[in-house]
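Here the structure is laid out as structure tokens; the discussion comes afterwards.
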Number of protein chains: 2
Amino acid sequence: MDPAAIQQIRRFNRTVAEGIGTFTDHFLGRGRPYGESRVLWEIGTDGADIRELRDRLGLDSGYVSRMLRSLERQKLVRVRVHAADRRVRRAELTALGRRERAVLDSRSDALAARILEPLTDKQRASLLAAVSDVERLLQPSMVRFAIERPTSADAQWCWRQYFAELDERFENGFDADVALPVDVREVTPPGGALIVARLHGRPIGCGSVKTPRGAPAYLKRMWVAREARGLGVGRRLLAELEGYARSTGAKTIHLETNRALREAIALYRASGYVEVPAFNAEPYAHHWFEKPLTQA
Amino acid sequence: MDPAAIQQIRRFNRTVAEGIGTFTDHFLGRGRPYGESRVLWEIGTDGADIRELRDRLGLDSGYVSRMLRSLERQKLVRVRVHAADRRVRRAELTALGRRERAVLDSRSDALAARILEPLTDKQRASLLAAVSDVERLLQPSMVRFAIERPTSADAQWCWRQYFAELDERFENGFDADVALPVDVREVTPPGGALIVARLHGRPIGCGSVKTPRGAPAYLKRMWVAREARGLGVGRRLLAELEGYARSTGAKTIHLETNRALREAIALYRASGYVEVPAFNAEPYAHHWFEKPLTQA
DNA sequence: CCAGTTCTCTGACTAAAGTCAGAGATCATG
DNA sequence: CATGATCTCTGACTTTAGTCAGAGAACTGG
């Protein structure tokens, strides 16, 4: 890759890290550990389930629990049991907590304002345009792929989105009960895997692969959210799934698909899949594809 | 300020912070505390004085000392006394340290490459253009002003730059021994102040003000580095100096200047200074200005 | 209804990061 | 050449951040 381009990106990283540093200091500067501020912020005005907090902040369960106790002692937060599931607890801000959060909010505003303040109107407009370009073009590099349990809430959500889209796009609709079933065990290691693509922590796509021993790997239910298309997520998701299949020793991967899914078919062809005769009786399928998995 | 603009900048901050976070993790992931990595990095291939490290990293003297001991134990760093001043110590990388630093370097490169990698050539070009716009337009907000001792190395450097520029621009050159002298005490609180403007830690301008009790404040030796002009540094430096003078109770501020310094004169006029009769015998001056300091 | 899972919490740790108060060597200056 | 300032270092701390194991309550699916 072009070394000058890399240097420029590195300079940008450094510059922005410096700016962000002052943001962090700012956020901090409330006589409260940064961790607690983050939790306070993340709870939001509507409250949040504790498991959600843990997840979004990527923190240990015991650690979050302790921070919540501390915030409770400061009368900023109230924790109560979840109405529907009494194992789960929900954190909510007290009136005082809400005020504290508003202070953090206005500090973020103040920092942003400090960036804009010394600029002329014209410069401001250029900055906003450039900033939105950078954000858009940074997105592809911020997509993360990870194997997840197919029973997780997000994986289930992806599958629902996927089914809804098939139902909309197939000429005669789609009913998951009619299609060949996918057993949870078949897409959980070592039987296979389900990979979720995320942007800023939110799922934007998923795909799964079954890896039966001594048989071709079998790609299932690949989906990319509409708003995330054009970022190359599909291509990379496919590569991740193939990589997993390859790691289990699979020599070939195959899949079936419906003729309505034109972009998917184009992606498969571009990725080296070739059409083969039907290898199963999936009622919704019109095309069957196969690709050899060369060991890297 | 436009709330939408502020929200956009905040979103940008958040997005980039997420990216920077992965950078930090990357940097870290060497079985070594982040602090030590930073020190290792900052020493650089040419070595660095310890006081310089402390300064650039903003760390406690004891803390840095301990980290250096640890890096010495790991045979990455060698500390020896400074040739010219035996109080000062200089840290240098060993061959092993240099190799370690090269690893950090290549990790930074890899991160930058990961940002560029999923983009098409056209997108890459747009990103680089946008990134350079953002950097340029972020600069004004990253300038920091601070009162410093006029005896500090950076303050002295600024004065030398200033004198050199005057010598170049005045029709008959400039000799600091001929001009009215500035005593160190007169521009050190409480007698006055010297303010240094910095960008990324490097000095890019300075200015000073004498604040004799019961007399007008007196602005001296204001200078902005050529490469930092057009960022509004002069205007802000002037405002900082006036602010200091105001804080000491001064009711008026005055200054003299040479006709060759056209931008400076324009700045003074734009900032509310009006020309007055000569109030001293500065041999290099052609204009004398004065401005009332209204209490904010 | 029971076995396994999920969720939160507590106790007992560790490591990293940073602060503070001197001590001792060295230098600059009147 | 005494005085004060500068620089680095050590010892003695504290706080923050985070990990790990396991207990107990609540839920879920067969």
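All chains are named by letter (A, B, ...) in the order of the sequence lines, taking the proteins before the strands, and each is independently numbered beginning at 1. Because only heavy atoms are used, hydrogens play no part in the values below, and waters and symmetry mates are left out as well, while side chains stay in.
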**Request:** Evaluate the side chain to side chain donor-acceptor pair (under 3.5 Å) criterion for residues Trp223(A) and Gln161(A): first the C-alpha distance (whole Å), next the side-chain angles of each, then the deciding distance (0.1 Å), finally the verdict.
**Result:** CA-CA 8 Å; Trp223(A) 169 78; Gln161(A) 301 301 306; over 6 Å; no
Quick one: which of [options] gets closest to the side chain of [X]?
X	options	answer
Val88(A)	dT8(C), dA26(D), dC7(D)	dT8(C)
Arg54(B)	dC9(C), dT8(D), dG18(D)	dT8(D)
Arg89(B)	dC9(D), dT6(C), dT26(C)	dC9(D)
Pro33(A)	dT26(C), dT19(C), dA17(D)	dA17(D)
Ser61(B)	dT19(D), dC9(C), dT8(D)	dT8(D)
Arg69(A)	dC9(C), dT10(D), dC7(D)	dC9(C)
Arg66(B)	dC20(C), dA26(D), dC27(C)	dC20(C)
Leu59(A)	dG18(D), dT8(C), dC27(D)	dG18(D)
Arg87(B)	dA26(D), dA25(C), dT6(C)	dA25(C)

**Request:** Evaluate the criterion side chain to side chain contact (heavy atoms under 4.5 Å, CB included) for residue pair Glu36(B) and Gln74(B); output intermediate values, then yes/no.
**Result:** CA-CA 11 Å; Glu36(B) 287 185 14; Gln74(B) 295 168 62; 2.9 Å; yes
Starting at [atom1] of [X] and ending at [atom2] of [N], how long is that distance when rounded to a whole Å?
X	N	atom1	atom2	result
Arg51(B)	dT6(D)	CZ	P	11 Å
Tyr63(B)	dT15(D)	OH	P	17 Å
Asp55(A)	dT8(C)	CG	P	10 Å
Met67(B)	dT19(C)	CE	P	11 Å
Ile50(A)	dT10(C)	CD1	C1'	14 Å
Leu71(B)	dA17(C)	CG	C1'	15 Å
Arg32(B)	dA15(C)	CZ	P	17 Å
Asp85(A)	dT8(C)	CG	C1'	11 Å

For a quick check of understanding: with a heavy-atom distance under 4.0 Å over all strands, which category does [X] fall into, base, sugar-phosphate or nothing?
X	value
Asp60(B)	base
Gly62(A)	base
Arg90(B)	nothing

**Request:** Could you pick out which residue, Gly35(B) or Val79(A), lies toward the 5' side of DNA chain C when each is mapped onto its nearest nucleotide?
**Result:**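 With Gly35(B) and Val79(A) compared, the 5'-side residue is Val79(A).
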Look at [X] together with [Y] and state whether they make a salt bridge at an N to O cut-off of under 4.0 Å.
X	Y	answer
Arg66(A)	Asp60(A)	no
Arg144(A)	Glu18(B)	no
Arg56(B)	Glu52(B)	yes

**Message:** Between Ser65(A) and Arg69(A), does the side chain to side chain donor-acceptor pair (under 3.5 Å) criterion hold? Intermediate values first, please.
**Reply:** CA-CA 6 Å; Ser65(A) 181; Arg69(A) 288 304 81 70; 3.2 Å; yes
